[in-house]
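The structure under discussion appears below in the form of structure tokens.
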Number of protein chains: 2
Amino acid sequence: MRPEDLPEIRHLHLFRDMSQANFETLMSSSYAQNFPPGLDMVRQGDPSDFLHIVLEGAVELYAKWADRECTMAVVRPVSTFILAACIRDAPYLMSARTLERTRIVLVPASDLRAMFRRDTEFSVAIINELAAGYRSVVRSAKSLKLRTSRERVASFLLTQSMLAGGTSSYTLPVEKRLLASYLGMTPENLSRTLRLLEADGVKVDGARVIITDRAKLTALAKPDKLIDASETAIDQTGSSLPRALE
Amino acid sequence: MRPEDLPEIRHLHLFRDMSQANFETLMSSSYAQNFPPGLDMVRQGDPSDFLHIVLEGAVELYAKWADRECTMAVVRPVSTFILAACIRDAPYLMSARTLERTRIVLVPASDLRAMFRRDTEFSVAIINELAAGYRSVVRSAKSLKLRTSRERVASFLLTQSMLAGGTSSYTLPVEKRLLASYLGMTPENLSRTLRLLEADGVKVDGARVIITDRAKLTALAKPDKLIDASETAIDQTGSSLPRALE
DNA sequence: GTTTTTACTTGATTAATATCAACCCAAAGG
DNA sequence: CCTTTGGGTTGATATTAATCAAGTAAAAAC
């Protein structure tokens, strides 16, 4: 692991409050690894040996069943994934593949499990992280069950605009192919939906999104703080990275 | 609270391992309450003041958006709900209403939050509970995104048969109206689907389910341990209550 | 015991979404 | 440079699911 990796990791809510000694112990058994784009790092069903920390690049979490697959999330730096599986020492529920060249730190799950019994601050951080993740998935399930695909697209575009600082113009954080799968629809259907949404106050040209009539789009998307808000606590610095598709 | 309530609660994984003194402290500030059927106990968006423990009856967790609503879960004794909201001191993401006459114990969320910082065993239990809940919702989201409604119905019927001990005949644990909403479909569509599934090895007459051709039904449902299995650890006594629609 | 309510079902229709096929275009690779 | 690849779009069609509208049966209320 590179020395400059450590402060990045230490800055995460998950590791911020634990003792320095314990943090160093945990990191001493961890190691960084670089992956090329398009590589499968984790296969669903495999035993959860490592907590993954994304330092650079981007990782797609996806699920398979029968001969179908769908994108569940895209993880960007700096954040962790598959914490719950590691905690429970249970098989991964999702697979993970790199979208770009990606730098990952692997923390042995066994060390993680041993550590949270010894460091109260760490266990509190884990509790908060899991509760936040839990609630995030509940939000996502609510969106899937209560909204039509058109409404999901509209609220996604609106939410992204907020994450980008409320600007009415921004670029999509991921390929449309991925976005479609994340939103639970086919690429064709997303393409058509985006076209139709031009009548509802938003225009998407390539990866460029321009909100032309925020009121109209809001009326359609009906943003709801119990669905669309983020669970991640805002950074004191105010620099909460807009974690795309979390 | 009745004295016979305490051992029931103490038996839950969440409270099993904490110190007796701490358990008593937590319970001393809690109180039981009885609710008639059809009563809204929790409204989504409200501040999370209490962890709820269901001792008798049944509670529906549901979500609303725009003018639509859907069932997210049905909680039966003895178990808790809305732990994550209490932990994060955040608004409830779901509403809760009683389905029958229901006996509930309310544990003040502030006491809960104070306690897990002082009792390591309790914090470990919370971590496990949250991780399990997290993974449960991920499973549910996978099912929604990867399966058609027909496949969801088929796997639900098969999973319930397993929970009932592998028997080929059992009764539905909830009204079809609720089941439909839980599975993300309309009652009409569920009714039709059940009728059509008679050709695939299962017959549903009223609340009675009879699996007539398990192989055929399995071929359709394609049960997957990364979607359909339960996250709750099996009780040592082997008496893990089949928590319906968890 | 009768009325009322509510879950459930069935049929007809409409709306939403997926699938199939063709094509465009830009980026990557040779 | 040309070729190949893969994302994206568009159109036609098929499938799936929701909606609308009756109607039944059983339970709850009076």
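All chains are named by letter (A, B, ...) in the order of the sequence lines, taking the proteins before the strands, and each is independently numbered beginning at 1.
When each of C/dT17, C/dA7, D/dG7 is scored by its nearest atom to the side-chain atoms of A/Glu175, the top-ranked nucleotide is D/dG7. Across D/dT10, C/dA7, C/dT17, the shortest atom-to-atom separation from the side chain of A/Ser149 is found for C/dT17.
In the interface, the side chain of A/Arg192 is paired with the base of C/dT19 through a donor and an acceptor atom under 3.5 Å apart.
Among the protein residues, A/Gly184 comes within range of the sugar-phosphate backbone only, with heavy atoms under 4.0 Å from sugar or phosphate atoms but none that close to a base.
Put simply, the side chain of A/Thr80 never gets that close to the backbone of A/Ile53: no donor and acceptor are under 3.5 Å apart.
Computed from coordinates, the B/Met185 CE to C/dT9 P distance equals 11 Å when rounded to whole Å. We find that CZ of B/Arg195 is positioned 4 Å from P of C/dT10, with the value rounded to whole Å.
Distances shown here put every side-chain N or O of A/Ser191 at or beyond 4.0 Å from the OP1 or OP2 atom of D/dG8. For the OP1/OP2 pair of D/dA18 and a distance below 4.0 Å, the side-chain nitrogens and oxygens of B/Thr186 include at least one atom meeting the criterion.
Defined by atom type and a distance below 3.5 Å, a donor-acceptor pair is present between the side-chain atoms of B/Thr71 and B/Glu60.
Atom-to-atom distance recorded for B/Leu220:CG and B/Arg147:CZ is 9.5 Å, nearest 0.5 angstrom. The CZ atom of B/Arg150 sits 11.5 Å away from atom CG of B/Asn189, with the distance rounded to the nearest 0.5 Å.
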